[in-house]
Peer 1: 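Here you go, one structure.
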Amino acid sequence: MLPRYLNAEVTGMGVKGLQYFMEKCCPETCVMVDFREMARQHVNSHQQGSSTTLPTLVVDGMACLRHWYSCQAWVYGGQWKEYMHCLKEFVGAFTTAGIRLVFFFDGVVEEEKRAEWVNRRLKVNEEVAKVFRYLKFHGQQPGQELFCLPSGLATFSRFALKSLGQETWCSVREADYEIASFALRHNCMGILGQDTDFIIYGSVPYLSVAQLRLDTMTTVLFSTDKLCHALQLQKSELPLLACLLGNDVVPEQRMQRLRSDALAAYRRKHPQSPPQGEKIYAVADFISSNKLSREGAHGVSCLPLTDREVLEKGVLYYLLPGQQPLWDISDTSPRSPVCLMKSYLSPDILQAAKEKHMRAECFMVYNVLYDGVVECSNTLEDGDDAELIPQAIVYQPCRERIYGILLPTNPDSGGRAPTVREWFVFPGNPLKDPKVVSPLPLNHSDLKRLWFGKDSETKGLRISTFLAVFELDEFSVEHDRLDGSLMAVLCLVTYIAMQVGHLSLEDIDAYLSQAICVRYKSYTELLHTRVSHVEPRAVQLGSLFVRGLTHLVAANSACGCPFPMEQLMPWNTFDGLLFHSKYLLAHSGRPQEELLEGNASWVSLFRFLRELVLGICSSRGQTIQSRPRITHPGKHVDHSEQWRERGAPSGQHGPSPQRYRPQTRSPSGQHGPSPQRYRPQTRSPSGQHGPSPQRYRPQTRSPSGQHGPSPQLYRPQTRSPSGQHFPSPQHYRPQTRSPSGQHCPPPQHYRPQSRGPRAQAHEHNRPRSTRPNRRRYHLAPRWQNPHPDFP
């Protein structure tokens with residue numbers, strides 16, 4: 001059974017409660033089928049003469065994302081090489097079965113669905129907050145109940161499938177409609193997805209991706225014919241059923257009164273009917289009882305005018321080309337996208353943008369040029385982290401320059417200038433209204449030359465315009481020295497360093513070292529990456545990087561593709577678990593050689609890229625400081641307080657040598673020599689620094705305040721009632737306390753601490769217990785990672 005989804009756009013959407021009804025109340029409507037047998041029957045029934053065509057399965061890409069992303073590690077930013085392997089296996093299974101696949105992805109969010117889109121985004125924000133609370137408390141990846149797809153998965157999946165030679169389309173209107181239309185028009189064998197709207201369309205068989213088993217090539221078919229038989233409805237009446245139950249167009253609460261009346265009437269007619277599924281039976285009975293004709297819907301006529309209009313709009317939503325509604329509706333013309341920027345742009349630019357968008361060859365460009373609306377779904381971001389600003393704000397300057405390439409920045413003769421409305425999700429944004437953004441002027445040639453120019457100078461112009469989007473014109477020389485993937489990493493890390501004020505040298509080292517190492521590792525090698533614990537800040541930095549890659553793709557699209565899109569993809573530049581491991585190493589003060597796994601050529605490349613990043617930042621008056629953040633599993637540290645405790649003013653740090661080594665101070669305030677490796681210093685009561693141990697081991701104090709010896713491993717000490725310390729056992733196990741403050745024995749899962757002499761009962765003015773050894777409190781077993789290979 002698949003876990004519930006946090007990314008609502010990939011859940012089983014559509015008609016409210018219909019899928020549950022079919023699975024639980026009408027199991028006869030759910031039929032187990034074999035894809036190979038379906039394909040054979042489809043070919044036999046549609047063979048024309050001697051010519052035989054491959055049976056085609058249309059795939060709803062958005063609904064399949066969760067099935068495709070079967071990687072165990074998900075919180076770190078994405079295991080992209082492993083994900084590519086999963087896609088190859090998926091495509092290979094159907095290719096072997098002789099089935100052609102056609103993929104569709106959502107390319108727009110229609111305004112009729114904007115309210116529902118906002119609703120889902122806000123709910124997911126709450127779930128993302130739960131993920132970070134879990135990370136701070138446990139220091140481990142949450143279980144599947146809090147699963148969240150990595151950022152940008154839908155965007156990059158389009159390019160991934162195209163790189164595998166698959167036919168991939170991006171919709172210019174509601175994707176469900178385009179999928180159903182394509183399947184009907186091309187006589188496809190079925191639709192693979194997780195959306196009950198396909199049952200209502202009824203164009204071809206609807207097959208469940210949630211029940212898909214690639215090893216046996218089987219799944220569940222949701223039968224429209226059997227559903228109609230169970231509800232005693234005609235296929236033409238299903239759109240009305242869907243709207244009365246509630247869907248993405250007609251809000252569920254809008255038809256609440258009508259459903260309540262229908263349910264009351266149904267219960268009077270069928271007093272012995274079981275309660276399970278009776279809402280859908282009642283609405284179906286209402287439709288059958290109120291004879292609908294070409295003159296109108298008698299039972300619906302009692303609705304207020306506004307509700308009837310919403311209902312009619314919802315019914316039209318399901319009408320495919322050539323179909324007619326159940327009753328006369330004033331306007332049945334097919335909905336077509338309306339280009340709001342038509343007056344600002346030439347027809348050939350608009351046509352090229354639409355064609356590239358539909359073929360899934362670009363990103364963001366069509367949305368800007370046609371209706372001036374751009375949206376971005378949820379990202380793994382910590383709303384409580386005051387240092388890291390949301391990715392929507394980090395990348396807004398570069399988006400403004402992208403808009404400046406695509407749209408005119410000067411007002412027209414009527415004094416109007418185009419603007420772009422942004423629906424970007426981040427913590428604290430209520431999404432009540434879009435943010436209106438004006439294009440930022442950028443010195444570049446006209447859009448026609450960038451897109452259609454073929455001369456040699458145009459290539460250089462495209463690259464310089466791309467770099468200008470990120471204000472990195474200085475890197476034009478490096479273009480000939482680095483391949484596209486390294487240029488992408490160099491631009492992105494430098495841009496992040498300039499935009500995020502609290503980025504440290506350790507963060508940059510983590511970004512660059514993982515980008516170099518991931519180039520030379522296969523997905524199987526990356527599977528062996530281990531981390532001691534999950535650091536919430538590193539999770540957000542990983543998502544920030546991946547969101548930055550989508551902006552690189554958008555800038556590349558706007559500039560006429562100076563770089564092949566494949567070079568900007570995350571499977572060539574990023575691995576979440578690898579980045580997390582580099583982050584923990586960098587913030588632990590490990591040498592560069594260890595970050596680069598002892599490879600001399602990798603170290604040389606790393607230092608070259610690092611020098612370029614820091615050089616640009618320095619030339620802009622921004623000094624990147626070394627700020628190592630030492631954290632422990634399940635322990636969240638306020639790093640601003642950490643720095644103040646070390647004596648540095650907030651936001652200020654001392655000079656950073658080539659390799660960070662914290663300085664020590666004598667009582668006079670002079671800097672002493674720094675140790676060879678970062679080892680926290682200890683102080684005597686007089687304030688003098690004692691020797692640094694060979695490995696960091698927290699010191700213990702005797703009652704007099706003197707430092708005692710440090711144990712071999714970190715073991716919290718315990719105290720007797722007199723305040724004396726007693727040795728702790730070999731491993732740290734949390735203790736429990738009774739209401740009186742006494743330590744109680746922990747459950748068997750823990751190893752108890754040594755407590756010394758136990759306080760007598762008379763010391764607390766209570767009678768001695770007759771069962772002194774009983775367990776007074778029982779803790780839940782410590783959380784166990786179900787996948788030890790992936791923390």
Side-chain angles (χ1 to χ4, degrees), residues 155-156 158-160 162-163 170 345-369 395 397-409 439-495 498 515 519 548-573 605 608-609 612-613 615-616:
T155 300
F156 293 122
R158 311 172 198 171
F159 295 99
K162 287 187 72 67
S163 72
C170 201
L345 301 160
S346 62
D348 49 351
I349 287 290
L350 292 173
Q351 185 61 28
K354 184 176 181 179
E355 290 176 357
K356 288 182 179 180
H357 172 85
M358 292 178 64
R359 294 196 301 265
E361 295 175 353
C362 66
F363 174 66
M364 195 187 289
V365 171
Y366 173 83
N367 308 79
V368 173
L369 294 182
Y395 295 114
C398 77
R399 287 198 304 276
E400 292 174 351
R401 297 185 190 95
I402 293 174
Y403 304 154
I405 296 173
L406 299 173
L407 298 171
T409 56
L440 196 64
L442 197 66
N443 293 326
H444 68 285
S445 181
D446 67 293
L447 199 55
K448 281 188 177 182
R449 185 180 179 188
L450 284 175
W451 284 18
F452 306 130
K454 298 184 181 299
D455 56 284
S456 57
E457 292 183 1
T458 302
K459 182 179 179 181
L461 180 64
R462 289 171 181 148
I463 292 172
S464 62
T465 306
F466 176 89
L467 294 174
V469 169
F470 303 95
E471 294 187 295
L472 296 172
D473 306 82
E474 298 92 331
F475 285 161
S476 57
V477 179
E478 311 304 334
H479 175 259
D480 296 328
R481 304 173 62 182
L482 300 171
D483 63 32
S485 296
L486 283 179
M487 274 298 294
V489 171
L490 179 63
C491 292
L492 185 51
V493 174
T494 307
Y495 179 86
M498 292 190 298
R519 292 161 59 87
L549 290 177
T550 65
H551 286 77
L552 289 179
V553 172
N556 200 48
S557 303
C559 296
C561 294
F563 299 98
M565 284 295 186
E566 180 69 15
Q567 295 181 343
L568 308 181
M569 295 297 114
W571 46 89
N572 292 321
T573 56
L605 177 58
F608 173 69
L609 296 177
L612 288 174
V613 173
I616 292 294

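Here, residue 1 is the first one in the sequence, and each next residue gets the next number.
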Peer 1: Test Ile402 against every option in Val469, Val365, Asn556 by the side chain to side chain contact (heavy atoms under 4.5 Å, CB included) rule and name the one that passes.
Peer 2: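 Exactly one candidate clears the test, Val469.
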
Peer 1: With sequence neighbours left out, what residues match Phe156 under ring pair (Phe, Tyr, Trp, His ring centres under 6.0 Å)?
Peer 2: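 Per chain and number, Phe156 pairs via ring pair (Phe, Tyr, Trp, His ring centres under 6.0 Å) with Trp80.
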
Peer 1: What closest approach, in Å, do Cys362 and Arg158 show between heavy atoms, and which atom pair accounts for it?
Peer 2: O-NH1, 4.4 Å

Peer 1: For the pair Lys448 (side chain) and Asp348 (backbone), establish whether a donor and an acceptor sit closer than 3.5 Å, ignoring hydrogens and angles.
Peer 2: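 Not at all, since once roles are kept as given, no pair shorter than 3.5 Å links the two residues.
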
Peer 1: Minimum heavy-atom separation for Pro439 and Pro408, please, with both atom names.
Peer 2: CG-O, 4.4 Å

Peer 1: Using 30° and 60° as the class boundaries, would you call the ring planes of Phe563 and Phe466 parallel, tilted or perpendicular?
Peer 2: perpendicular

Peer 1: May I ask you to test the His357-Asn367 pair for a side-chain heavy-atom distance under 4.5 Å?
Peer 2: yes

Peer 1: List the atom of Phe452, the atom of Ile349, and the distance in Å for their closest heavy-atom pair.
Peer 2: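 It is CE1-CD1, 3.9 Å.
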
Peer 1: Do Ser485 and Asp483 have a side chain donor and acceptor closer than 3.5 Å?
Peer 2: no

Peer 1: Rounded to the nearest 0.5 Å, what separation is found between the NE2 atom of His479 and the OG atom of Ser464?
Peer 2: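 Rounded to the nearest 0.5 Å, the NE2-OG separation comes to 10.5 Å.
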
Peer 1: Which atoms form the tightest heavy-atom contact between Leu406 and Leu345, and what is the distance?
Peer 2: O-CD2, 3.4 Å

Peer 1: Taking the side chain as every heavy atom from C-beta outward, state whether Leu568 and Thr573 have any pair of such atoms under 4.5 Å apart.
Peer 2: no

Peer 1: Output the distance between atom CZ (Phe159) and atom CE (Met565), rounded to the nearest 0.5 Å.
Peer 2: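 It comes to 5.0 Å.
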
Peer 1: Is there a side-chain contact between Leu482 and Phe608, using heavy atoms and a 4.5 Å cut-off?
Peer 2: yes

Peer 1: Indicate the atoms forming the closest heavy-atom contact of Ala468 with Arg401, along with that distance.
Peer 2: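 Heavy atoms only, the tightest pair is O-CD, 3.5 Å.
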
Peer 1: Let me confirm one number: the CG-CG distance from Leu486 to Leu612, rounded to the nearest 0.5 Å.
Peer 2: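 Here the interatomic distance stands at 11.0 Å.
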
Peer 1: Less than 4.5 Å apart, side chain to side chain, heavy atoms only: is that true for Val493 and Leu609?
Peer 2: no

Peer 1: Roughly how far, to the nearest 0.5 Å, is the CD atom of Glu355 from the OH atom of Tyr366?
Peer 2: 12.0 Å

Peer 1: State, yes or no, whether a side-chain contact exists between Tyr403 and Arg399 at a heavy-atom distance under 4.5 Å.
Peer 2: yes

Peer 1: Taking C-beta and beyond as the side chain, do Leu472 and Ile616 meet within less than 4.5 Å on heavy atoms?
Peer 2: yes

Peer 1: Students often mix this up, so state it plainly: with edges at 30° and 60°, are the rings of Phe470 and Tyr495 parallel, tilted or perpendicular?
Peer 2: perpendicular

Peer 1: Specify the closest pair of heavy atoms between Cys491 and Leu467, including all atoms of both residues, with the distance to one decimal.
Peer 2: SG-CD2, 3.7 Å

Peer 1: Report yes if the side chains of Asp455 and Arg449 come closer than 4.5 Å at any heavy-atom pair, otherwise no.
Peer 2: yes

Peer 1: With a 4.5 Å cut-off on side-chain heavy atoms, are Thr409 and Leu440 touching?
Peer 2: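 No - every pair of side-chain heavy atoms lies 4.5 Å or more apart.
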
